[in-house]
**Q** 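Let me give you the structure first, and then I'll get to my questions.
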Amino acid sequence: MKNNLSLFDMFALGFGTIVGVGWSSTLNNLFKLSGGALPAASTFLLATLLFIPVAMSIKSLAIQIPLSGGVSAYALRAFNPQIAFLGGWFITLSYMAILPFEAITATDIFSYIFPVLRSSQPLYTILGEDIYFPAVALGLLCTACIAGINWHGVKAGVRFQKVITKVLLISSATCILFALFKANSSNLLDPVYAPVQGYSHTSFPLGVFSLLSVAPQYFAGFDIIQQNAELSDKRYLGKAILGALLSAGGFYAAVFLATGLSYPWQETEAMSRPVLSNVFLRIYSGRSGKALWCICILATMAGLFGAWNGFFIASIRSMQGMAKAGLLPMAFCKIIGNRDTAVLPFLVSISLTVIGIFLGAGVLDTVCRLASIGFIVAWAISCLSAYRIKKHPALAIQKGDSTRLGTHMAAISVCVLLLFNSIMPFMPGYIGMSGITFLMGWSVLGLLCYAVCHRGTLKIICK
């Protein structure tokens, strides 16, 4: 499949994975976390600007070291196996954490569309959320569909991604347009910002920093393109990575502003999911409202399955790349027949998704913040690798990248800022003790995994 992925293939893989479902399903949570529609839009525009140097560093690496595995391949080339394992472990954490997130969200949305899925007696309650058998069964069915598509290899997964991205673009553009038809500036500006009970922010800037802590999870996806660098047309790698990032940032801002203009953002606080779809029932009456509700649901589901499919591909490719680099047992590279899907990473990804379905929506917030930390750590190691390779050009496999050293330094600074905002208790984006506990648990598990996989001296020859 070398060079089989076109520019739109790569863009669909990146943009379709970035956008996901949170912009529509839990839109009110983003407003509450930041203190309004305008602070939310400002946060995501700021995040887009902050991630530009990170994306440029990753673009630089993908061009110079066109290998699957992403950060693990780059850090192995620039540093050593220990740092490579650390980067690979955390990016894989993030990819795999989002798989159950998408599965849980899918059952959640379907349950709101079809209330019968939650009409029976709950099986059990966990973290305040009731778990119902019909919803679990539907989640397992959706997981089987995603797995079935990707069992046939990356090419099948990308083909599905292209279709779902086109649906997302058309349906979401329709929603934004019809929201703007009901625009009223007083909805957005009265008030511009307001503190929300249960959240620590007390001003517009603090609201922005509060939401910024989860922004990495909402922008994750442009880095997925690099996981398939071996399969991509090298001429378009940089355009696809930057194009996916900038398009997603503009998309988020357009949705937040259009919604804030069309409906008072504070009135969405207690609105049930899927929030944006229900907003259309409030601003349009009769058949028009129901039709737009359906179109918005279509956009929401397209975003959900696009992100789910993209992260499923990335999770498999990340583990497979780590195994190729000697960082995981070679069993993680084993494929069946002429498919390019590694069996063991495939089964691990399915297993974690299924576990998430049985845990329910009570774990979503912790999973979201944990995934954000994983992305920040992995991106920081990627940017450090790009900096070192720029300083020592002989480490590159291919030449032709013109990214400046200052860009890599800026990218490293952004990652440090985001990490500081997430793990320091006095910062507005602090992930809390539950997030820190999960983070420490994953780190300890990584140390144990490294110790088991690398008994004695790890000898890797980088050619």
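Counting begins at 1 with the first residue of the sequence. Just so we're clear, the structure is a prediction, and the values are computed from it rather than from any experiment.
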**Q** Grab the two heavy atoms, one from F110 and one from L117, that are nearest each other, plus how far apart they are.
**A** O-CD1, 3.5 Å

**Q** Hey, what's the ring geometry for W89 with F85, parallel, tilted or perpendicular (30° and 60° as the breaks)?
**A**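 Parallel: the ring planes of W89 and F85 meet at under 30°.
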
**Q** Picking from T165, L246, L245, I225, what satisfies side-chain contact (heavy atoms from CB on, under 4.5 Å) with F15?
**A** T165

**Q** Indicate yes or no for a side-chain donor-acceptor contact from N278 to the backbone of P274 under 3.5 Å, with no hydrogens or angles considered.
**A**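 Confirmed, N278 side chain pairs with P274 backbone.
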
**Q** Quick one: sort the W151 and F346 rings into parallel, tilted or perpendicular, breaks at 30° and 60°.
**A**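 The arrangement is tilted - the two ring planes meet at 30° to 60°.
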
**Q** Out of T48, L30, I18, L45, which one pairs with Y252 under the side-chain contact (heavy atoms from CB on, under 4.5 Å) rule?
**A**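 Testing each of T48, L30, I18, L45 against Y252, the sole residue satisfying side-chain contact (heavy atoms from CB on, under 4.5 Å) is I18.
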
**Q** With side chain to side chain donor-acceptor pair (under 3.5 Å) as the test, pick out the partner of D9 among K162, R159, Q161, K155.
**A**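 Option passing the side chain to side chain donor-acceptor pair (under 3.5 Å) with D9: K162.
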
**Q** Grab the two heavy atoms, one from Y193 and one from P39, that are nearest each other, plus how far apart they are.
**A**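 Closest approach of Y193 to P39, heavy atoms only: CD1-CG, 4.2 Å.
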
**Q** Looking at D108 and R118, does any basic side-chain N land under 4.0 Å from a carboxylate oxygen?
**A**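 Result for this pair is yes, salt bridge flagged.
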
**Q** If every non-hydrogen atom of C383 is compared with every non-hydrogen atom of S57, which pair is closest and at what distance?
**A**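 Scanning both residues, the minimum pair turns out to be SG-CB, 4.0 Å.
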
**Q** Using a 3.5 Å distance criterion without hydrogens, assess whether the side chain of N309 forms a donor-acceptor pair with backbone atoms of G157.
**A** yes

**Q** Can you list, pair by pair, the side-chain donor-acceptor contacts under 3.5 Å of residues 91-105, counting residues two or more places apart and other chains?
**A**
unit_1 : atom_1 : unit_2 : atom_2 : d
T92    : OG1    : G88    : O      : 2.7
T92    : OG1    : S318   : OG     : 2.8
S94    : OG     : F90    : O      : 3.2
S94    : OG     : A371   : O      : 2.9
S94    : OG     : F375   : N      : 3.0
Y95    : OH     : D223   : OD2    : 2.8
T105   : OG1    : F101   : O      : 2.7

**Q** Quiz question: by atom type and distance under 3.5 Å, do the side chains of T353 and T143 form a donor-acceptor pair?
**A** no

**Q** Only one of N184, L189, L188, N187 forms a side-chain contact (heavy atoms from CB on, under 4.5 Å) with L261, so which one is it?
**A** L188

**Q** Are K182 and Y284 in a cation-pi setup, meaning NZ or CZ lies under 6.0 angstrom from the ring centre and within 45 degrees of the ring axis?
**A** yes

**Q** Determine whether F305 and C145 make a side-chain contact, defined as any pair of heavy atoms from C-beta on separated by less than 4.5 Å.
**A** no

**Q** Where do I241 and A62 come nearest, in terms of heavy atoms and distance?
**A** CD1-CB, 4.4 Å

